[in-house]
**Student:** 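Pasting a structure here, questions to come.
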Protein chains: 4
Amino acid sequence: MAEFPEVLNVAMVGHGFIAAVHSSAIHQVRRFFPTRFGLRTQVVCGRDRATLQAMADRWGWQETAVDWQSVIEREDIHVVDIATPNILHAPIAIAAAKAGKIVWCEKPLATTLTEAADMAEATKKVPTLVWFNYRRIPAVVLAKQMIEQERLGEIFHYRALYLNQSGVDPAKATGWRYRLSEAGSGASGDLLSHCLEMALYLNGEIKEVCASSKTFIKNRDVDDAVMLMARFSNGSIGTFEATRFGVGFRNSLSFQIHGSKGMLQFDLEDMNSLRFYDATETPGVQGTKKLMVPGPDHPYARNFWKPGHPIGFEHTFIATLGDFLSALQTGTIFHPNFNDGLKVQKLLEAISRSSETRSWQRSLLNES
Amino acid sequence: MAEFPEVLNVAMVGHGFIAAVHSSAIHQVRRFFPTRFGLRTQVVCGRDRATLQAMADRWGWQETAVDWQSVIEREDIHVVDIATPNILHAPIAIAAAKAGKIVWCEKPLATTLTEAADMAEATKKVPTLVWFNYRRIPAVVLAKQMIEQERLGEIFHYRALYLNQSGVDPAKATGWRYRLSEAGSGASGDLLSHCLEMALYLNGEIKEVCASSKTFIKNRDVDDAVMLMARFSNGSIGTFEATRFGVGFRNSLSFQIHGSKGMLQFDLEDMNSLRFYDATETPGVQGTKKLMVPGPDHPYARNFWKPGHPIGFEHTFIATLGDFLSALQTGTIFHPNFNDGLKVQKLLEAISRSSETRSWQRSLLNES
Amino acid sequence: MAEFPEVLNVAMVGHGFIAAVHSSAIHQVRRFFPTRFGLRTQVVCGRDRATLQAMADRWGWQETAVDWQSVIEREDIHVVDIATPNILHAPIAIAAAKAGKIVWCEKPLATTLTEAADMAEATKKVPTLVWFNYRRIPAVVLAKQMIEQERLGEIFHYRALYLNQSGVDPAKATGWRYRLSEAGSGASGDLLSHCLEMALYLNGEIKEVCASSKTFIKNRDVDDAVMLMARFSNGSIGTFEATRFGVGFRNSLSFQIHGSKGMLQFDLEDMNSLRFYDATETPGVQGTKKLMVPGPDHPYARNFWKPGHPIGFEHTFIATLGDFLSALQTGTIFHPNFNDGLKVQKLLEAISRSSETRSWQRSLLNES
Amino acid sequence: MAEFPEVLNVAMVGHGFIAAVHSSAIHQVRRFFPTRFGLRTQVVCGRDRATLQAMADRWGWQETAVDWQSVIEREDIHVVDIATPNILHAPIAIAAAKAGKIVWCEKPLATTLTEAADMAEATKKVPTLVWFNYRRIPAVVLAKQMIEQERLGEIFHYRALYLNQSGVDPAKATGWRYRLSEAGSGASGDLLSHCLEMALYLNGEIKEVCASSKTFIKNRDVDDAVMLMARFSNGSIGTFEATRFGVGFRNSLSFQIHGSKGMLQFDLEDMNSLRFYDATETPGVQGTKKLMVPGPDHPYARNFWKPGHPIGFEHTFIATLGDFLSALQTGTIFHPNFNDGLKVQKLLEAISRSSETRSWQRSLLNES
């Protein structure tokens with residue numbers, strides 16, 4: 001890998017909601033995760049000059065630009081952060097990689113498996129990051145740690161839900177996320193991809209899937225909801241559901257894992273806690289426990305505020321960047337990188353085929 | 001239908017846990033649901049004389065008998081209540097029906113679709129009842145009422161889980177429920193059948209299913225867990241899971257329904273409440289509400305204790321009997337009867353075929 | 001003590017809501033708590049003949065009577081159960097005791113401390129019971145057991161709330177409970193008495209109290225709400241609140257206890273669970289745990305249904321009677337008896353004085 | 001008031017946990033609450049040079065200084081932010097006010113009422129802020145808004161708890177917070193002050209209090225716990241408890257308010273939600289609702305992330321600063337300022353006197 005200077009100048013493409021979240025994380029990362037590297041919010045790119053300038057002012061970007069191609073060519077830029085509609089991920093990422101930049105890309109990696117494979121191929125020599133931020137929720141990190149400590153034993157069931165109600169009102173459910181040509185898919189790429197990435201992280205490889213998707217609104221060409229059954233390599237079975245018609249929820253990403261020694265349960269709506277059932281305790285006092293996180297001994301215990309002081313959504317992006325910079329400093333491989341994003345894309349492809357053919361499909365994870 | 005006397009003499013076959021629950025309900029029903037009919041706990045049948053007598057003493061049965069066949073022939077018996085292993089449901093029910101008795105049968109109706117069809121055929125002329133008691137949980141009754149009042153609007157999603165941990169320890173997970181020959185199936189007949197019956201009650205017919213079952217313990221010949229996707233006639237989609245490997249739960253039967261106008265959520269672990277999200281309220285004060293049941297205006301408000309005084313599991317059996325006797329009095333058809341039990345069996349059959357063939361299967365509901 | 005026959009004939013005075021609850025428990029107690037003794041619902045007494053007969057029919061009483069005095073004199077009556085307005089507790093109990101009857105009395109024991117002392121004195125030679133049923137909630141029994149097992153360590157805080165909203169609407173809040181002459185007090189005798197009895201049971205003697213009561217409705221002569229601070233003999237401090245103006249709750253009786261080794265928390269609205277925090281666990285996995293009760297190893301594990309099958313409010317009355325009959329059989333002293341009821345009355349008296357004088361008052365518990 | 005430049009240079013005194021939180025808020029405020037004013041983290045003062053420099057590096061302070069007195073004299077400093085032990089609040093604040101600086105002070109305002117009164121007097125001509133940040137929790141802001149919209153009607157009860165377990169272990173419970181000379185008090189100034197400030201904000205003036213405090217650890221000279229009863233000017237009654245012996249909780253600040261039209265409930269452990277019971281709804285569907293905040297129409301809806309994306313503890317400091325700068329821009333009076341801090345100190349004084357004299361005390365709020 002190339003050497004990188006201690007202050008990395010970032011060029012961001014995109015200036016919407018998620019671009020603001022990235023910006024906030026870029027500004028804050030060193031406060032919580034001190035590393036050798038600093039980040040400078042150098043230039044933000046977009047097509048609408050008026051809103052672009054307002055965003056740059058609010059979120060502290062030095063420059064604005066309408067032509068991302070030429071920005072990517074600039075020698076003083078070290079990182080390209082992609083916060084655009086999905087359809088632009090591939091061209092920007094590939095161009096950035098060719099120019100030797102570090103590439104960060106919003107999830108899902110691409111609109112198709114082909115694109116994702118091309119992106120993974122093109123970025124082989126540069127550090128990459130996909131913004132699957134939810135993996136860095138302290139409660140999820142604690143879940144991972146507990147699984148690695150064998151506190152769940154043999155895993156039997158994995159169950160994941162992503163519920164929001166964003167798609168119900170056709171008058172509001174507009175924009176690129178509702179167009180196949182720009183998004184690649186609907187609820188599956190937008191929501192399910194988070195669940196899949198987290199499942200791979202927590203429960204390992206998926207062997208095969210059987211899925212079914214549904215579009216409730218006439219003439220909409222993306223899926224509003226998707227449900228699926230999965231078989232994992234570790235012998236456990238899983239169910240997944242992601243929907244934009246989950247009335248009653250604004251942003252509920254949850255999972256539940258049953259193992260021979262215990263159970264874990266999480267919901268983003270209560271992101272500072274993790275539920276744990278320890279089946280190895282005396283039967284009479286077994287019960288589901290609410291662990292407040294981050295608590296003492298948590299991997300992020302020294303990064304965020306004292307135990308008992310809740311953190312929020314944006315801190316998951318801070319932790320993502322913090323771990324990325326730390327990996328850069330130590331020369332280790334960061335996850336989730338573009339290869340991890342490609343795995344999710346393979347699953348999305350298998351799910352899409354399964355839904356179309358109404359049959360079980362291999363996950364493609366071990367195919368190149 | 002035949003005329004029945006005002007005091008109905010009951011003969012029960014079986015004397016285990018569920019027989020005790022039925023007994024308790026038989027004794028109590030008139031306190032909570034006064035009707036013209038009374039019930040007398042006349043004779044309880046079983047093969048183990050010692051435990052049978054103890055059970056009869058504790059639960060107030062007048063007589064005991066080891067030979068259910070001759071009991072069924074007795075003229076003074078008006079009701080036969082079947083609380084045996086599944087494999088005995090069909091012979092007892094058919095014999096009882098031939099003798100003109102009212103027949104009550106523990107769920108699931110039978111071990112196979114063929115048996116269930118025979119039972120439904122044989123009982124055409126006698127009143128029947130299948131002990132799918134959970135339909136009578138006041139919170140479930142309230143859910144039904146709210147759906148009928150159109151408080152959910154168009155239904156998008158139905159999601160049901162039945163989790164317990166009864167199958168994990170092979171040393172404890174023994175008995176007829178773990179033998180295909182006596183039970184017909186494992187988690188699917190035992191647990192999933194409740195979820196299916198409730199789904200038919202709350203959300204109507206299921207058109208097709210795609211299922212997958214799993215047995216975690218070597219040499220066990222019944223399913224430990226089953227998961228499935230479903231498509232309902234009303235256009236909604238559903239997921240179901242039932243497992244005896246749901247570590248962390250002793251008896252969690254839950255459902256969640258999302259519609260265009262709201263969401264409903266229930267869990268047996270908190271059986272005196274129902275969660276409701278009203279999506280027609282002002283957006284700023286929308287939220288999931290915990291309704292304590294039975295509350296004022298509830299269909300069972302006058303039957304059970306005052307609002308705020310929780311009732312328990314056994315009251316669902318009392319309500320089942322209460323509604324049965326009321327139907328008998330008014331000459332209306334009680335649900336769930338053997339035809340309803342047959343529908344569940346058709347679904348179980350389709351689910352079994354789907355799991356074996358790894359393909360979507362029609363639900364068989366509209367086939368005779 | 002006198003000898004009692006194996007079938008105890010009960011005469012009940014009163015025929016309202018709580019009389020029905022007692023009746024139900026009388027019928028059921030032997031199913032769940034087999035003892036040598038049986039109970040027969042012999043005669044129910046009341047002044048309104050029409051409703052009295054309907055109650056007798058529904059709840060299985062052999063006879064009705066309008067004159068409780070002559071019923072108490074009957075030789076075939078062994079138990080007098082008092083389910084009347086508070087003002088009648090003393091005369092009935094004293095008459096029954098004089099006639100050598102077992103006396104059961106609805107809580108609170110009396111309308112004044114003088115009455116209560118007279119009742120305790122009069123019943124010295126007969127078995128007594130006060131219907132503080134909530135002490136027998138399985139979750140409360142488990143709490144007691146855990147405290148005795150020293151799982152909380154040194155107790156620091158005891159906190160109790162009884163919230164309902166019964167007093168807010170003057171049009172509905174009528175009847176004897178709202179008249180000082182018949183009830184003795186308002187929220188304090190009706191609701192707080194439960195909290196006090198439970199505190200004595202779980203946390204021991206109270207040394208002194210400082211209270212303040214409030215009547216929100218003009219011209220009402222009983223307290224609508226009462227709040228107090230307490231100092232316990234074990235060194236812990238406590239707060240109590242009971243109110244009929246607790247809008248949002250129908251019947252929430254809750255407590256929370258903090259000790260050096262853990263915390264316990266209970267709420268009647270979720271009566272089949274107990275929350276426990278074990279402060280002796282590894283810090284990183286400490287959290288409040290939801291114990292489902294009754295679970296395995298629970299004192300009532302063999303009495304009620306299998307773990308995971310919730311029981312209800314009325315089972316606390318069954319358990320009360322079950323334990324009473326068991327004590328009668330073994331010749332041990334049952335709690336809470338009239339002496340326990342007297343202790344609560346002493347506290348109520350101290351609380352009343354404290355509220356009037358705006359000062360701390362000794363609890364009177366160790367005074368005769 | 002004096003004119004202030006558009007970029008305000010801040011000097012902070014103190015460099016511990018809370019100083020880091022303030023620093024983070026200073027850096028972020030303009031991203032979420034754009035105003036005319038900017039803030040520059042100019043100089044941080046402290047006595048321990050090594051940790052001071054590390055803190056300055058991590059949290060982006062331009063300079064460090066050991067002598068706060070001379071920093072306060074500097075003309076280029078516009079704001080003095082006090083994040084020191086309580087005993088230093090008064091001298092620093094008074095000096096800063098004399099130098100014409102804007103003064104921000106960590107809570108509680110002072111160690112005694114005399115100090116607080118002097119501080120309020122000295123700062124009459126400069127803008128002030130007391131860091132009672134919890135008032136700015138979006139859920140609390142929503143509660144305030146709902147109360148002002150008369151959604152609770154006449155208030156009956158106010159109930160507040162602040163529970164943590166920081167004081168239990170004498171080996172860890174050390175430092176200035178456990179010394180009367182530096183802190184002024186224990187749980188009352190540290191924890192209860194938050195509850196009192198919030199009560200004044202949400203429920204108005206308190207007329208009188210009756211309190212009792214407790215120190216569980218021998219030789220400790222501050223209160224470990226304090227409990228009190230209060231009477232509010234609006235006719236409602238309240239209970240408060242704050243303790244460092246609330247085993248089971250790391251940082252639980254909660255309140256519950258019952259009014260004639262509804263109930264509100266909040267707990268910091270679940271800071272992105274507010275519970276609401278609307279007693280004006282149809283009785284059958286009344287229930288406690290969980291409102292996720294900030295939701296649409298929330299006063300901070302445009303400041304923080306989209307509904308459904310939880311924010312954390314530090315955002316309350318950001319919102320505090322945001323509202324302060326907005327008030328500065330519009331020339332309106334910010335709350336809570338030093339006068340508000342003085343009110344809390346008057347209550348703390350009345351509570352302390354009440355606990356010592358074991359008697360009700362007037363709140364002193366309307367005395368100068």
Side-chain angles (χ1 to χ4, degrees), chain B residues 16-18 20-21 23-25 27-28 30-34 38 41 54-55 57-60 133-134 137-138 163-166 172 246 248-253 267-273 289-296 303-318, chain C residues 16-18 20-21 23-25 27-28 30-34 38 41 54-55 57-60 133-134 137-138 163-166 172 246 248-253 267-273 289-296 303-318:
Chain B
F17 164 68
I18 205 67
V21 176
S23 304
S24 183
H27 285 299
Q28 292 187 69
R30 289 194 76 183
R31 316 284 182 217
F32 296 98
F33 291 79
T41 46
M55 191 274 191
D57 290 345
R58 181 163 180 179
W59 292 100
N133 62 302
Y134 290 137
I137 296 169
L163 308 176
N164 76 31
Q165 53 194 7
S166 61
K172 290 185 188 163
F249 296 91
R250 290 219 194 87
N251 199 26
S252 169
L253 166 72
D267 190 337
L268 179 57
E269 287 206 342
D270 190 11
M271 74 171 269
N272 287 277
S273 72
K289 196 191 288 185
K290 183 180 181 175
L291 306 176
M292 300 303 296
V293 277
N303 298 103
F304 294 117
W305 309 115
K306 284 186 187 175
H309 295 83
I311 60 167
F313 162 72
E314 92 198 74
H315 292 88
T316 60
F317 291 84
I318 294 171
Chain C
F17 163 69
I18 204 68
V21 176
S23 304
S24 182
H27 285 299
Q28 292 188 70
R30 290 195 77 184
R31 316 284 182 217
F32 297 98
F33 292 79
T41 46
M55 190 276 190
D57 290 346
R58 181 164 179 178
W59 292 100
N133 62 302
Y134 290 136
I137 295 169
L163 307 176
N164 76 30
Q165 53 194 7
S166 61
K172 289 186 188 164
F249 295 90
R250 290 218 194 90
N251 199 26
S252 169
L253 167 72
D267 190 337
L268 179 57
E269 288 207 342
D270 190 10
M271 73 172 269
N272 287 277
S273 71
K289 197 191 288 185
K290 183 181 181 175
L291 306 175
M292 300 303 296
V293 277
N303 299 103
F304 293 117
W305 309 115
K306 284 185 186 175
H309 294 85
I311 60 167
F313 161 71
E314 93 198 72
H315 292 88
T316 60
F317 291 85
I318 294 171

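Just so we're on the same page: letters track the sequence lines, and every chain starts at 1.
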**Student:** Side chain, backbone, both or neither: which part of B/Ser24 has a heavy atom under 4.5 Å from chain C?
**Tutor:** side chain
**Student:** Measuring heavy-atom distances to chain B, does C/Pro34 have an atom under 4.5 Å in its side chain, in its backbone, in both, or in neither?
**Tutor:** side chain
**Student:** CH2 of C/Trp305 to CD1 of B/Ile18: how many Å apart, nearest 0.5 Å?
**Tutor:** 8.5 Å
**Student:** Can you say whether B/Arg30 sits under 4.5 Å from chain C via the side chain, the backbone, both, or neither, judging by heavy atoms?
**Tutor:** backbone
**Student:** Are any of the side-chain heavy atoms of C/Phe313 and B/Ile311 separated by less than 4.5 Å?
**Tutor:** no
**Student:** If you tally heavy-atom pairs under 4.5 Å against chain B, which of C/Gly295, C/Ser252, C/Gly308 wins?
**Tutor:** C/Gly308
**Student:** Do you know the tightest heavy-atom contact between C/Pro310 and B/Met271?
**Tutor:** CG-SD, 3.8 Å
**Student:** Quick one: pull up CZ in C/Phe249 and CE in B/Met292 and give me the separation to the nearest 0.5 Å.
**Tutor:** 9.5 Å
**Student:** Hey, are the side chains of B/Arg250 and C/His309 touching, using non-hydrogen atoms and a 4.5 Å cut-off?
**Tutor:** no
**Student:** So which of C/Val21, C/Asn272, C/Asn164 has the biggest tally of heavy-atom pairs under 4.5 Å with chain B?
**Tutor:** C/Val21
**Student:** So, do C/His27 and B/Arg31 sit near enough that their side-chain heavy atoms are less than 4.5 Å apart?
**Tutor:** yes
**Student:** With only heavy atoms counted, which part of C/Glu269 is less than 4.5 Å from chain B, the side chain, the backbone, both or neither?
**Tutor:** both
